[in-house]
Asks: 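Structure in structure tokens, see below.
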Amino acid sequence: MGNHSPISIDWKQSKLVNRKQPTMHLNCEENHNPSKTLSRGLWVGLTGGIGSGKSTVTKLLAQYGATIADADLIARAIVSRPTVLTDIAQIFGTDVVIKTATGKPTLNRAKLASIVFNDPQQLAKLNALTHPRIAQTALEILKTVEPGKVGVYDAAILLDYGRPTCLDIIVVVTAPTEVRIKRLVETRGMELKDAKARIANQITDQQRAQHADYIIDNSSDLTALTASVQQLWHAIQQHPKLQDHSQMEPSDG
Ligand SMILES: CC(C)(COP(=O)(O)OP(=O)(O)OC[C@H]1O[C@@H](n2cnc3c(N)ncnc32)[C@H](O)[C@@H]1O)[C@@H](O)C(=O)NCCC(=O)NCCS
Ligand SMILES: Nc1ncnc2c1ncn2[C@@H]1O[C@H](COP(=O)(O)OP(=O)(O)OP(=O)(O)O)[C@@H](O)[C@H]1O
């Protein structure tokens, strides 16, 4: 795990901001009012490409007592809303919405994935529909975190359109592309071409690292990852917002 000083970005030069996209950003008014940011918990953004190990890290951080806002889970809830399903059917065709055995409309996720991850314009349309809603829900969850406690926003594409202003710390989980693909194919049963298509629609580890306060190298095994997360947790405790507060160690099991 490396500890990186914040890097100043020349936004005018950055390719990231030139990618006009709806925002996953948690842009907070209270950031302009320092007394308000002190009266909330410590907000950590956790990101990394698909298959890098974010969910695994998130589970470990939850054991230390962090509150988790998981963008994938939030997105699942959003696309199950009837109004959003109606919008999705209108944009991508009625065959992306199917009926369950009980007759309830539901998203054909594989069908929609095959459309959006093979056509950036279609992906942009899905992002426009989902991302502002994901950001809103994530913010609501983070706002429940008490002062002295840690909230983690886990999102694969957290940094793809620039660094969110709201977050106190950015953690990037990395692993070589071939390792990520192997894990996705072998442990998650993803097809090789689908894993590659998703990676092609995300920024690179190098681009993510530009915004990172901490980098977790997850190229080794789960024992090494667990040790890195322990180090990360202790490093996070040094943040000024937490210095006056004690944090619970993870419970056994
Ligand atoms: C397209 C959908 C239906 C595919 O569902 P599926 O069950 O196959 O994948 P799942 O949602 O579990 O996502 C798995 C991973 O795919 C990658 N991914 C998902 N959405 C995106 C996206 N818009 N851009 C780039 N990568 C993405 C992420 O690494 C994510 O962790 C679904 O991913 C979706 O609704 N995406 C839009 C909402 C979104 O942006 N979610 C990700 C927030 S980080
Ligand atoms: N160090 C590791 N060694 C072996 N397998 C691992 C390791 N880290 C994670 N995995 C496995 O690799 C797969 C991908 O990990 P994980 O689900 O945590 O990735 P992710 O970054 O959350 O992916 P996504 O972007 O899809 O949410 C999982 O099956 C996980 O159990």
Asks: Step through the shown structure and confirm whether more than 12 heavy atoms of other residues, nucleotides or ligands are within 6.0 Å of CD on Glu140.
Replies: yes
Asks: Given the rule that I, L, V, M, F, W and Y join up when any side-chain heavy atoms are under 4.5 Å apart, are Ile215 and Val179 in one cluster?
Replies: no
Asks: Over all heavy atoms of both residues, which pair between Ala195 and Leu184 is shortest? Give the atoms and the distance, please.
Replies: CB-CD1, 4.0 Å
Asks: Quick one: salt bridge (Lys or Arg N to Asp or Glu O under 4.0 Å) partners of Lys99, sequence neighbours excluded?
Replies: none
Asks: Thr204 and Gln207: side-chain donor and acceptor closer than 3.5 Å?
Replies: yes
Asks: Over all heavy atoms of both residues, which pair between Ala113 and Arg198 is shortest? Give the atoms and the distance, please.
Replies: CB-NH2, 3.4 Å
Asks: Heavy atoms only: give me the nearest Val185-Glu191 pair and the separation to one decimal.
Replies: CG2-C, 4.4 Å
Asks: Report yes or no: does Arg40 contribute a side-chain atom to a donor-acceptor pair with the main-chain N or O of Pro147 at less than 3.5 Å?
Replies: no
Asks: Please say yes or no: joined through hydrophobic side-chain contacts below 4.5 Å, possibly via intermediate residues, are Phe92 and Ile134 part of one cluster?
Replies: yes
Asks: Under a 3.5 Å threshold, yes or no: a donor from one side chain and an acceptor from the other, between Asp154 and Thr58?
Replies: yes
Asks: Within a strict 4.5 Å, meaning less than it, do heavy atoms of the Leu85 and Ser80 side chains meet?
Replies: no
Asks: In Å and rounded to the nearest 0.5 Å, what is the CD to CG distance from Gln122 to Asn127?
Replies: 11.5 Å
Asks: Asn218 side chain to Leu225 main-chain N or O, any donor-acceptor pair under 3.5 Å?
Replies: no
Asks: For residues 65-74, run the donor-acceptor check on the side chains, cut-off 3.5 Å, and write out each pair with its distance to 0.1 Å, sequence neighbours left out.
Replies:
from: Asp70; atom 1: OD1; to: Asp72; atom 2: N; distance (Å): 2.9
from: Asp70; atom 1: OD1; to: Leu73; atom 2: N; distance (Å): 3.1

Asks: Do Met190 and Leu123 land in one hydrophobic cluster if side-chain heavy atoms of ILVMFWY residues count as linked below 4.5 Å?
Replies: no
Asks: So do the side chains of Leu61 and Trp233 get within less than 4.5 Å of each other, counting heavy atoms only?
Replies: yes
Asks: Out of curiosity, Leu46 CG to Ile216 CD1, how far, rounded to the nearest 0.5 Å?
Replies: 7.0 Å
Asks: Decide side-chain contact (heavy atoms from CB on, under 4.5 Å) for Leu159 and Val172; before the verdict, give the C-alpha distance in whole Å, the side-chain angles of both, and the deciding distance to 0.1 Å.
Replies: CA-CA 10 Å; Leu159 301 172; Val172 174; 4.1 Å; yes
Asks: Are Tyr64 and Val173 co-members of a hydrophobic cluster defined by side-chain heavy atoms under 4.5 Å apart?
Replies: yes
Asks: So Leu142 and Leu167, do their side chains get closer than 4.5 Å, heavy atoms only?
Replies: yes
Asks: Looking only at heavy atoms, what is the nearest atom pair of Ile98 and Leu107, with distance?
Replies: CG1-C, 4.5 Å
Asks: Mind checking whether His234 and Gln230 have side chains closer than 4.5 Å, heavy atoms only?
Replies: yes
Asks: Measure the spacing between CG of Leu232 and CG of Asp213 and express it to the nearest 0.5 Å.
Replies: 10.5 Å
Asks: Thinking salt bridges, do Arg81 and Asp87 make one under a 4.0 Å N-O criterion?
Replies: no
Asks: Which distance, rounded to the nearest 0.5 Å, do you find between the CG of Leu42 and the CD1 of Ile169?
Replies: 4.5 Å
Asks: Can you tell me how far the CD atom of Gln90 sits from the CG atom of Leu129, to the nearest 0.5 Å?
Replies: 10.5 Å
Asks: Return yes if some donor-acceptor pair links the side-chain N/O of Trp43 with the main-chain N/O of Tyr153 below 3.5 Å, else return no.
Replies: no
Asks: With rounding to the nearest 0.5 angstrom, report the NZ to CG distance, Lys125 to Asp119.
Replies: 7.5 Å
Asks: With a 3.5 Å distance limit and no angle check, can you tell me whether Asn108 reaches the backbone of Val97 through a side-chain donor-acceptor pair?
Replies: no
Asks: What pair of heavy atoms forms the shortest contact from Val150 to Val152, and how long is it?
Replies: CG1-CG2, 4.1 Å
Asks: State, yes or no, whether a side-chain contact exists between Arg208 and Thr174 at a heavy-atom distance under 4.5 Å.
Replies: no
Asks: Return each pair, listed once, that meets salt bridge (Lys or Arg N to Asp or Glu O under 4.0 Å) where at least one residue sits in residues 104-117; pairs must be two or more places apart or across chains.
Replies: Asp95-Lys111
Asks: In the structure I gave you, are the side-chain heavy atoms of Arg188 and Ile50 within less than 4.5 Å of one another anywhere?
Replies: yes
Asks: I'd like to know if the side chain of Thr47 reaches the main chain of Ala155, judged simply by a donor and an acceptor atom lying under 3.5 Å from each other, with no hydrogens or angles considered.
Replies: yes
Asks: Of the non-hydrogen atoms in Asp168 and Gly41, which two are nearest, and what is the gap between them?
Replies: OD2-O, 3.8 Å
Asks: Distance-only, no hydrogens or angles: does the Arg180 side chain make a donor-acceptor pair with backbone N or O of Pro176 under 3.5 Å?
Replies: no
Asks: For a 4.5 angstrom cut-off between non-hydrogen side-chain atoms, does Ile170 reach Leu158?
Replies: yes
Asks: Is it the case that one hydrophobic cluster holds both Phe117 and Ile199, taking links as side-chain heavy atoms less than 4.5 Å apart, direct or via other members?
Replies: no
